[in-house]
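Everything below concerns the one structure shown next.
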Protein chains: 2
Amino acid sequence: MEPASLVHIVDDDGSLRAALDSLFRSVGLDSRQYASVQEFLSAERLDVPSCIVLDVRLPGMSGLDAQGHLKELGIHLPVVLMTGHGDIPMSVRGMKAGAEDFLTKPFRDQDMLDAVLAAIERHKAARHENAHLHDVATRYETLSPRERQVMALVAEGKMNKQIAWDLQLSEITVKIHRGAAMRKMDARSLAELVRMADALNVVPAARQA
Amino acid sequence: MEPASLVHIVDDDGSLRAALDSLFRSVGLDSRQYASVQEFLSAERLDVPSCIVLDVRLPGMSGLDAQGHLKELGIHLPVVLMTGHGDIPMSVRGMKAGAEDFLTKPFRDQDMLDAVLAAIERHKAARHENAHLHDVATRYETLSPRERQVMALVAEGKMNKQIAWDLQLSEITVKIHRGAAMRKMDARSLAELVRMADALNVVPAARQA
DNA sequence: AGCGCCCTCATACATTGGTATAGTCGGGCC
DNA sequence: GGCCCGACTATACCAATGTATGAGGGCGCT
């Protein structure tokens, strides 16, 4: 069962926060309120599909600055920006920074809901991607250095013989490491191993030709 | 030698077109002028790194509509939007549709140049990607139906034996088709074939696990 | 009919890949 | 020292893959 989705509301206007909170809950979305970016950052973030509704003009840190800040912190939540006194350059900057949408106050409830729901869908998809990638990365960490080397060369398409020559090993040793990599990565075919290697970027792009 | 870059200027204001043309040429960019989207569409487009500078408000077809229209026509040139009387929703819509930038008239020359140069850089990268993909797709077209089927199953990671069973063939026949696919696709390893198959989307995502 | 292309299959052989068993060597750890 | 683990290697054997040669049938086109 997919957990309930969550909207983080970041705005210094308490009455607006309350209104948004009510709006989101009316469609079954859970919600949290924060008066500033700092407050949001210090709060706990549940690992559920969610997004941030962020006012552009805020005391302390502006919404646009916050976007960059969140990226640096590795917080990849979709952001819906809103503002009461915005201009086009501001909206363009926000959208370039990857905002899901940019709304001007006052906005229609439906517009906000559309934006938030789209943002949450995007986050769901990203979570899915990440979950898989994380699994693969976790398994990759269990590989010994040699196994990683061999895996990389295998993913380049080299034959055991060539790998052995490259690493100054006997072919049989390569086979051992190769087999270990397949087992540890839980790859049931070479095709799978190649895809995992690509997902993990263990093969220099220039050598994928 | 990379050919000279080109900027397509689409605006109904002839004096602005002339000013832009002069601006672009001053930094070594070639340029073409069009008074409407239709005029641009009927003109010849050179296969060089380029972008479109497009007015949002135009007689005939608006710049925003044009963005969608260009996509449908398979014209994937980066678009820099500009407008004299724009609002935030308009700019958001434009950016969502993939515009490289959105400028308001009057704009500073440097801002326009920055946007156009970034757009052309993006197009260069996209051209590079496309050139390779096009090569692969061209080779893929030379495959017979059976060879494509076999290639898809190979890219899923299946063994010849399993493929033979799936397609109700003898294993030897599968080997023939597989070998033919490798030759025609110019893949020197299974890893390469897998990557080409992925680039061409010949394997349902669900089966790449 | 003749030609070419695709699809099919078989036999045979060579190469490559995968696994098991067994042994050596070195480093970190209790 | 004793122990585990990673790395390395060898022999042996089996499975999978690749290629060559040969051959038959169907289908469309000239």
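So that the names make sense, note that chain A is the first sequence line, chain B the second, and so on, each numbered from 1.
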Legend entry - Separation of D/dT9 P from A/Ile163 CD1 (nearest whole Å): 14 Å

Inset, instruction - Mind checking A/Ser170 for me? I need base, sugar-phosphate or nothing, with any heavy atom below 4.0 Å counting as a touch. - result: sugar-phosphate

Inset, instruction - Starting at atom CZ of B/Arg146, determine the distance to atom C1' of C/dT8, rounded to an integer number of angstrom. - result: 9 Å

Legend entry - Residue B/Leu169, side-chain atoms from C-beta onward, closest of C/dG17, D/dT9, C/dC9: C/dC9

Inset, instruction - Look at the side-chain N and O atoms of A/Lys175 and state whether any lies under 4.0 Å from the OP1 or OP2 oxygen of C/dT19. - result: no

Legend entry - Nearest-angstrom distance from the residue atom CZ of B/Arg178 to C1' of C/dT8: 19 Å

Legend entry - Donor-acceptor pair, side chain of B/Arg122 and main chain of B/Leu77, under 3.5 angstrom: no

Inset, instruction - Using a 4.0 Å heavy-atom cut-off across all strands, classify A/Leu190 as base, sugar-phosphate, or nothing. - result: nothing

Inset, instruction - For A/Glu171 and C/dT16, give me the distance from atom CD to atom P, rounded to whole Å. - result: 7 Å

Inset, instruction - Could you check how far CE of A/Met182 sits from P of D/dA15, rounded to whole Å? - result: 18 Å

Inset, instruction - Measure from the side chain of A/Met159, starting at C-beta and using heavy atoms only, and say which of D/dT17, C/dT8, C/dG17 lies closest. - result: C/dG17

Inset, instruction - Taking the side chain as every heavy atom from C-beta outward, state whether A/Val154 and A/Val194 have any atom pair closer than 4.5 Å. - result: no

Inset, instruction - Would you please confirm or rule out a distance under 4.0 Å between OP1 or OP2 of C/dC7 and any side-chain N or O of B/Ser144? - result: yes

Legend entry - Among D/dA7, D/dA12, C/dT11, the nucleotide that comes nearest once only the side chain of A/Glu147 is considered: D/dA7

Inset, instruction - Indicate yes or no: does B/Glu121 engage B/Lys124 in a salt bridge with an N to O separation below 4.0 Å. - result: yes

Legend entry - Rounded distance in Å - CD1 (B/Ile172) to P (C/dC7): 16 Å

Legend entry - C/dC7 phosphate, OP1 or OP2, under 4.0 Å from B/Thr173 side-chain N/O: no

Legend entry - Salt-bridge criterion met for B/Asp13 and B/Arg57 (N-O under 4.0 Å): no

Inset, instruction - Kindly say if A/Asn160 contacts the phosphate of C/dG17, meaning a side-chain N or O under 4.0 Å from OP1 or OP2. - result: yes

Legend entry - 5' precedence on DNA chain D between A/Pro145 and B/Lys158 (nearest-nucleotide basis): A/Pro145

Legend entry - Reported CZ-to-CD1 distance for the pair B/Arg146 and B/Ile176, which is rounded to 0.5 angstrom: 13.5 Å

Legend entry - Side-chain N,O (B/His177) to OP1/OP2 (C/dC6) below 4.0 Å: no

Legend entry - Separation of D/dA16 P from B/Gln162 CD (nearest whole Å): 9 Å

Inset, instruction - Send over the distance from A/Gln149 CD to D/dC8 P, rounded to a whole Å. - result: 8 Å

